[in-house]
Structure formats: C-alpha cells, structure tokens
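One structure is given here, and the rest of the page talks about it.
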Amino acid sequence: MLPTLRRLPLLAGCVLAFAACQDPSGVGLTLIGDETTDPNTRLVATDSLFASEQTEPTGGFADGSGSPVQTRLLFGAFTDDILGDTRATAYLDARNATGSSAFEERAVEQVQVELVRSIVYGDTLGTVPVEIREVTASWNPEGLPTDTTLTTGDLLATGTVSAQDSVVTLDLPQSFIDANDLAVGDSIPAFFQDFEGFQLTVPDGSMSNAVVGFNAAASHLVFIGEEYDDDGDTVRDTVRYDLVEVYTALARTEADEVTDRFLLRDGDSDVLGFRFNVDDLTSLPIANASIRIPIDRAAVETPDGFNRPLPTIVTLFAMLDDGTRAVVLEANVPASGDVITIQDRDLTVLMQSILLGRQSIQYLEIGHPPSPLGLSVLPILVEEEATPTPGSLRRPRLSILTVGSPA
C-alpha cells in the first residue's frame, strides 16, 4: 500500500535521446562513493510515490520481423493469494517460409503444435488442461490490450500440458487435416494463405494452478508426412514452420495490498511512478548519479514446488513534459541482496541536465521491459521517509556524487 497513491493516465512511449551535455567534472561518470562514507554524496528521497499506468503490449512477432518483438507466449491459470488469480490464453500463427517441397507428392498425415518451454509460474509439478481452437479472423498482435479476445471457431482438440516437459507437443485431429485438404499433396501454400492461427485456452471452470511460458522463437507448427520408401528405409518427412505472430491475453484479479510495499507485476499496466525534489541542488555540478530501489524478497517467498520469481531486469522510464514516455536505461535485478542500483552515464547526464535547467521531466517510473512477457513480481519498499539516512534504505532514493569539495 503506497503512502501517496494516485493513478496517472496511459501515455505514449519513445526512446530517450539525450542532448549533448557538458560533464562539469570530465571524469567520474562510472564511479560513485559509498553513501555511508563519502562526504561528497547527497541523498534525496522520493517526495511522492504513485501508481502510474502504461500500456502492456503483449503481442509481437516471434521471428523478430516486426516491432515490438515478443518472444514469449503464456498459457495456463493459477490462483495466488498474493498476486491474485491469473488466466493466460495463448494465440499463435505460423507461415510457410521454409521453401520445402517435401509435401508436393506426399500427403500430410499429422499436424502438431510444438512448444518449447522457457519458464513455469505457479505449481512447477502441475499439469494444465488445454483446448485448441482455430482463429477465424485476421489479426495483428502488435500493441493489443491484454484483455483482447480473438474470434475462434469450434473446439478442435483437447490435451494436457505438463509443467515439467521441456517440449510440449499437441496433436491436431484428422478432421483438421481433412477440412484443409492436407491429405492431398501440394496443398501447403493454399493452407497458409487462409490460416490465421490457433487459440490455446484452459477450459472454462478449470484452474490448473500453473502458467507455462514458451519460447515463441523456438516453437513451431509441425507437419509430418506419410511414410515412404527411401532406398529400402521407411521414412517420413517432417517440416517445422516458424511462428510469425504471437499474443497472450491475460485475465487477472487485483494483487493483495502489502503494507508499505508496491508489487510491480509483469504483464500488468501498473508501474511505480516517483519524483525527487532537487530544487535545492540547482546548478550543482555532479560526477555521478544513481537511483537505488529497495526490495523485499521475503514478501513473495514461496513454498517448494511453487514458482513466484522476481524479474531479472527492470526499466527506468522518464515521463517527459510533452506526455511521452522515454526509456532511460535498464538495470539488472541482483540474484541476492535487497537493493537494485540503477547507475549509468545516461542517468548522470540526464540528472545534470535537469539540475542545470536544460532538461525537464514530469516524473520517473520503474517498470518491466515489454519483452519477454512474464508474470514475475518485484516487491518495492515504499515506506515513509522524510529524511534519507545513509545505510538505511526504505524507499527509492537518488544518490548524487558532487564534484570537488563536500556539498
């Protein structure tokens, strides 16, 4: 629960291009002293924290041919007392780009959806029931809202996905092969001209307690041909067609309110916005700037067999005065410890430009990168802190290393 909480509207995004800025020190852009001992360090606590909202583009192109590139596909459902219930529906489309002539003279006998697992959320030993339907209308995954539902036909097939399987294979029925004339040779081009993809969904009323994330760039639609004799060996042709478009629709309930913690959930539009009051630092020459984000790993600890991971990367955004959202930089979440340090030359140049009056922003945000899509969660400490204390970090903080003698 945030001490100061209000919601800001959706805004467009861009990549921040920094104007040239004279570094007043000429050195020190990659160094910063320890907050507890360096007399040149100024500490600035956030003077406001709030839930900001941004679009969450879950669609993309698995083969990297479009923008944004989305390389992960999620499917399944689970209940989580902290993160709320999550239901993920997967959509995937493939294309005929292999140039193979394997089926010009032979029929297709089997069609499969082959998915390569990348991560499991929830019960890592569980199974997920699946229903497969064909998408019946043209669609573009780029920028689709997370609650979009695509038009599909009748139920094609059912199956089960094991969270432990590294590769999941789902068979399509003979009726699908017959309906698309795949039992006739040289039918592949006509099939892909009209094919719009599949929907993978958990049956209504089912809760599997696991969501499986798949590597879309490594997954395929597989066609297996009829057997034939090849110099005395009985063989069959197998051709894998790349996924060209993927999209994950997410239905989620609200996360629990955790006292003095902001739960930054991947796949959710809420991000943490914050401001620093640097009015008394105007024109101060600086050698380095960093933002430190305190986290509470214990807030999302799980029992054995249940995976509720922290993200590996977070993104720092700047909301510009013209209403565009700009990426400042990305930072790694450490494998251990309770602080994320966001530190880079670009951040130092940005802060120096702000202090010199050359750049103005509305506020900063911490969010997840748009790809790969996941369901990780980052519990950020947002406790009240009127005056930042060296060595005690209870909410996001700006650390500035000044040039020359102690500030």
Side-chain angles (χ1 to χ4, degrees), residues 2-8 11 16 18-19 21 23-24 28-29 32-36 38 40-52 54 260-262 264 270-295 314-331 339-367 378 380-403 406-407:
L2 291 173
T4 303
L5 178 62
R6 64 189 183 90
R7 187 170 302 280
L8 298 183
L11 292 167
L16 185 60
F18 294 104
C21 175
D23 170 25
L29 282 169
I32 193 163
D34 186 274
E35 289 185 345
T36 62
D38 196 321
N40 290 320
T41 299
R42 299 287 294 269
L43 307 180
V44 184
T46 51
D47 66 353
S48 62
L49 292 160
F50 44 87
S52 183
Q54 62 179 229
D260 292 332
R261 306 293 186 269
F262 180 87
L264 181 65
D270 280 355
V271 297
L272 180 63
F274 52 91
R275 295 185 179 91
F276 298 107
N277 186 347
V278 294
D279 290 346
D280 63 340
L281 305 179
T282 301
S283 299
L284 182 72
I286 63 176
N288 206 321
S290 69
I291 294 175
R292 304 190 180 193
I293 309 294
I295 61 176
V314 293
T315 302
L316 177 68
F317 299 92
M319 188 59 62
L320 307 183
D321 285 342
D322 64 2
T324 58
R325 174 179 284 108
V327 175
V328 180
L329 57 95
E330 292 186 342
V339 178
I340 301 170
T341 300
I342 302 175
Q343 182 177 323
D344 185 87
R345 178 187 176 91
D346 284 347
L347 178 60
T348 299
V349 173
L350 173 63
M351 293 309 305
Q352 184 68 88
S353 296
I354 291 172
L355 296 182
L356 294 177
R358 299 173 181 172
Q359 175 76 57
S360 177
I361 63 173
Q362 298 182 44
Y363 52 88
L364 297 168
E365 293 175 335
I366 289 292
L378 187 68
I380 301 174
L381 273 67
V382 288
E383 299 179 11
E384 292 285 3
E385 186 180 31
T387 303
T389 304
S392 175
L393 191 60
R394 291 157 41 201
R395 68 189 298 165
R397 165 185 303 175
L398 172 65
S399 297
I400 292 179
L401 181 65
T402 63
V403 174

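All figures in this text were calculated on a predicted structure; none of them were measured in a lab.
To the nearest 0.5 Å, atoms CZ (R397) and OG1 (T46) are separated by 9.5 Å. With rounding to the nearest 0.5 angstrom, the CG atom of L364 is 10.5 Å from the CG atom of L272. Of the inter-residue distances, the one linking I295 atom CD1 with L378 atom CG reads 5.5 Å to the nearest 0.5 angstrom. Between the CZ atom of R345 and the CG atom of L350 there is a distance of 13.0 Å, given to the nearest 0.5 Å. Q352 contributes atom CD, which lies 10.5 Å from atom CG of L281 (distance to the nearest 0.5 angstrom). Atoms CG and CD1, from L398 and I342 in turn, are 11.0 Å apart once rounded to the nearest 0.5 Å.
Across every non-hydrogen atom of D279 and T282, the tightest pair is O-OG1, 2.9 Å. L347 approaches A289 most closely through the heavy-atom pair CD2-O, 3.8 Å. When all heavy atoms of A51 and F262 are compared, the closest pair comes out as CB-CE1, 4.2 Å. Between Q343 and S290, the shortest heavy-atom distance links the atoms OE1-CB, 3.8 Å. Of all heavy-atom pairs between V44 and N277, the closest is CG1-O, 3.6 Å. Nearest heavy atom pair, residue Q362 against residue G323, reads NE2-N, 4.0 Å.
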Step-by-step side-chain contact (heavy atoms from CB on, under 4.5 Å) determination, L355 to I400
CA-CA 11 Å; L355 296 182; I400 292 179; 4.2 Å; yes

Stepwise side-chain contact (heavy atoms from CB on, under 4.5 Å) test for S52 and F317:
CA-CA 11 Å; S52 183; F317 299 92; over 6 Å; no

Are V314 and I293 close enough, and set up right, to give a side-chain contact (heavy atoms from CB on, under 4.5 Å), and what steps lead you there?
CA-CA 10 Å; V314 293; I293 309 294; over 6 Å; no

Start with the C-alpha gap between I340 and I366, add the side-chain angles, then the distance that decides, and say whether side-chain contact (heavy atoms from CB on, under 4.5 Å) holds.
CA-CA 11 Å; I340 301 170; I366 289 292; over 6 Å; no

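Taking 4.0 Å as the cut-off between side-chain N and carboxylate O, E384 and R395 count as a salt-bridged pair.
In this structure, T402 contributes its side chain and N40 its backbone to a donor-acceptor pair below 3.5 Å.
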